[in-house]
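The structure displayed is predicted, hence computed values, not measured ones.
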Amino acid sequence: MIWALLALSCREAPVDSTPTDTGAEDFCADAPVVRWNNFGEGFMVGNCQGCHASTATERYGAPENVTFDTVDQVWANAGGILYTTTSDSPTMPPNGGVDEDDLMRLQWWLRCAPEGT
């Protein structure tokens, strides 16, 4: 009886089954090339560096150690950036204003591009 149950549990999925995993590989399959040089730097300057630049005179409560002056600083904080900008309840930027196209580009960049680019 146990052997029969084990055999049934090891069967392959039916050919017409639909995968439900929507991981990064699927998300990135047809993503355009988005990098620091063609999107990220401009996005950070326009939406983040008002508070998160090392030279910001008023950081409005942004932690001193969270700066986005360079591509390496952004990549070091990529998970937090994605969470605070694209989660179900985004908190950054605090006044909103980022359009859906730029939020998608941000995700393509930080989820699909090679780290550091």
Suppose we screen for side chain to side chain contact (heavy atoms under 4.5 Å, CB included). Which residues come up paired with [X], at least two apart in sequence or across chains?
{"X": "P94", "result": "M92"}
{"X": "A56", "result": "A53, R59"}
{"X": "D101", "result": "D99, R105"}

Discussion item. Using 0.5 Å steps for rounding, measure from the CZ atom of R35 to the CD atom of E41.
Written reply: 15.5 Å
Fill in: Separation between CH2 of W108 and CG of D30, rounded to the nearest 0.5 Å
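So the gap between those two atoms works out to 9.5 Å.
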Worksheet item: Among pairs that include at least one residue of residues 42-56, which meet side-chain hydrogen bond (donor to acceptor under 3.5 Å, both in side chains), considering only residues two or more places apart or in two chains?
Response: S54-D69
Worksheet item: What pairs of residues pass the side-chain hydrogen bond (donor to acceptor under 3.5 Å, both in side chains) test when at least one of them lies in residues 75-84, not counting sequence neighbours?
Response: none
Worksheet entry | Within 6.0 angstrom of E58 CD, more than 12 heavy atoms from elsewhere |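 More than 12 within 6.0 Å, yes.
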So, do [X] and [Y] sit near enough that their side-chain heavy atoms are less than 4.5 Å apart?
{"X": "M44", "Y": "T67", "result": "no"}
{"X": "V98", "Y": "P93", "result": "yes"}
{"X": "L106", "Y": "F39", "result": "yes"}

Item to complete: Mind checking side chain to side chain donor-acceptor pair (under 3.5 Å) for T85 and listing every partner two or more places apart, or none if nothing turns up?
Response: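 If we apply the side chain to side chain donor-acceptor pair (under 3.5 Å) test to T85, skipping adjacent residues, there are no hits.
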Fill in: Which atom of W109 lies closest to which atom of T117, heavy atoms considered
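Of all heavy-atom pairs spanning W109 and T117, the closest is NE1-O, 2.7 Å.
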Worksheet entry | Considering all heavy atoms, the nearest T70-W36 contact | C-CH2, 3.8 Å
Practice prompt. Start with the C-alpha gap between Q107 and L82, add the side-chain angles, then the distance that decides, and say whether side-chain contact (heavy atoms from CB on, under 4.5 Å) holds.
Written response: CA-CA 7 Å; Q107 289 185 74; L82 286 170; 4.0 Å; yes
Worksheet item: Applying the 4.5 Å side-chain criterion to the ILVMFWY set and letting contacts propagate, would V45 and L103 be lumped into a single cluster?
Response: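 Each belongs to a different hydrophobic cluster.
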